[in-house]
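As the structure lists them, so they are numbered: ligands from 1, and atoms in each ligand from 1.
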Amino acid sequence: MSETYGEKAARLDAIDELGKHREKFALDAGTVYLDGNSLGALPAHVPARMADVITREWGELRIRSWGESGWWTAPERIGDRIAPIVGAAPGQIVVGDSTSVNVFKAVVAAARLSGEDRDEILVDATTFPTDGYIAESAARMTGHRIVPVEPAGMADAAGPRTAAALVNHVDYRSGRRHDLPGITAALHAAGALAVWDLCHSAGALPVGLDAHGVDLAVGCTYKYLNGGPGSPAYLYVAERHQAAFDSPLPGWNSHTDPFAMTPGYEAAAGAVRGRVGTPDILSMLALEAALDVWDGVAIEDVRTKSLALTDFFLECVRAYVPEGRVRSVTPDTHAERGSQVALSCENAPAVMAELIRRGVVGDLRRPDVLRFGFTPLYVGFADAERAARVLSEVLAEGPAGLAS
Ligand SMILES: Cc1ncc(COP(=O)(O)O)c(C=O)c1O
């Protein structure tokens, strides 16, 4: 008799090297957590670290902690912890602010870095909306115009008038991975800068920022990097652009001598010039602690498992769910897939509500997309099999309130 999917899952989990990292997370056995592409799970050691930050560093050391506990230098120190995960050498990433704010800094800076004769900014037409809203405002402020282009069309759309393009590495809705090396090279060939949004790829797959010559990049830390709700985002400024990087938000934290309190602004050297104001220390230090789970983890291994998990989930869905009830909007081709599977189906809101009620936590993108994020450090093959099985049961039985 051939192996069942449950048996296959158990066999794959037994040989999964990354499975040992699961115990680093606070997870309950009753839940399959497939929403780490929205909010990563809590690393189990973070509460104790935060208790120390609050009671000792804040409660006892108080103001001294800016220096003695390393609070002041946290944005660049934590940036250097994120750097290897996204393929960047140290000194090019600062942590702080939200992704939206960093999109603003990056797009305005890119517009200022490009020549005066370039008046177009290409923006991923399928982008997570905040990037589009912010880029539009940044373009207006810098005298550029926005040209919405699907990522696949970026290479052809870039020309002598293109200042920069803002592209998502992985699409938030479909889970489609875009060709970062190819698009970056095409933009450079046209004399334009490449600005990447890594929210859905950092911590899920290799990015290779330095290797592929990316100019500027932004990303959040609360998804695959498990930094916690609202944890600060980051900004990457390639070393070769740092001297000319002209921040539209030149706050005192990016001044070369912040405590001189001089009226004139003088930008600090390095990625630090991406800083703005006083960092959100509690969130930032929770993120720093959360990054410990990456010690000894190679992002290439994460990618290998991510693809195996999403393949296996899709295989189980095809086997369990009757033909025609769901449609995958995530590409089958590995090169075009991130670390989530998006399935469209009828009555998707009711289906997702029922899945969550039965312990399979994904999320919904209206009107009809069920998103299942696979975070290889704490999701296993048995989780993928259970999620597909419960989905098939929900679709067969019809969730409460679901018109069949
Ligand atoms: C691709 C992408 N860009 C930007 C954002 C917005 O990030 P923030 O709310 O930190 O500004 C998100 C949030 O999920 C996202 O997925």
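Residue R240 places its CZ atom among more than 12 non-hydrogen atoms of other residues, nucleotides or ligands, all under 6.0 Å distant.
Using modelled atom types and a 3.5 Å distance limit, the side chains of Q92 and D80 yield no donor-acceptor pair. Inspection of the W58 and S69 side chains reveals no N or O donor paired with an N or O acceptor under 3.5 Å.
Checking L34, N37, L343, T330 one by one against R371, the side-chain contact (heavy atoms from CB on, under 4.5 Å) holds for a single residue, N37.
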At less than 3.5 Å, what protein N or O atoms come close to the N or O atoms of ligand 1? Include the distances to 0.1 Å.
unit_1   : atom_1 : unit_2 : atom_2 : d
ligand 1 : 3 (N)  : D131   : OD1    : 3.3
ligand 1 : 3 (N)  : D197   : OD2    : 2.7
ligand 1 : 7 (O)  : Y222   : OH     : 3.2
ligand 1 : 9 (O)  : Y222   : OH     : 3.4
ligand 1 : 10 (O) : T99    : N      : 3.2
ligand 1 : 10 (O) : T99    : OG1    : 3.4
ligand 1 : 10 (O) : Y222   : OH     : 3.0
ligand 1 : 11 (O) : T99    : N      : 3.4
ligand 1 : 11 (O) : S100   : N      : 2.8
ligand 1 : 11 (O) : S100   : OG     : 2.5
ligand 1 : 14 (O) : K223   : NZ     : 2.7
ligand 1 : 16 (O) : H200   : NE2    : 3.0

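W71 places none of its side-chain heavy atoms less than 4.5 Å from the side chain of I63.
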For residues 217-225, tabulate all N or O donor-acceptor pairs below 3.5 Å that involve a side-chain atom, not counting sequence neighbours.
unit_1 : atom_1 : unit_2 : atom_2 : d
T221   : OG1    : S231   : OG     : 2.6
T221   : OG1    : P232   : O      : 2.6

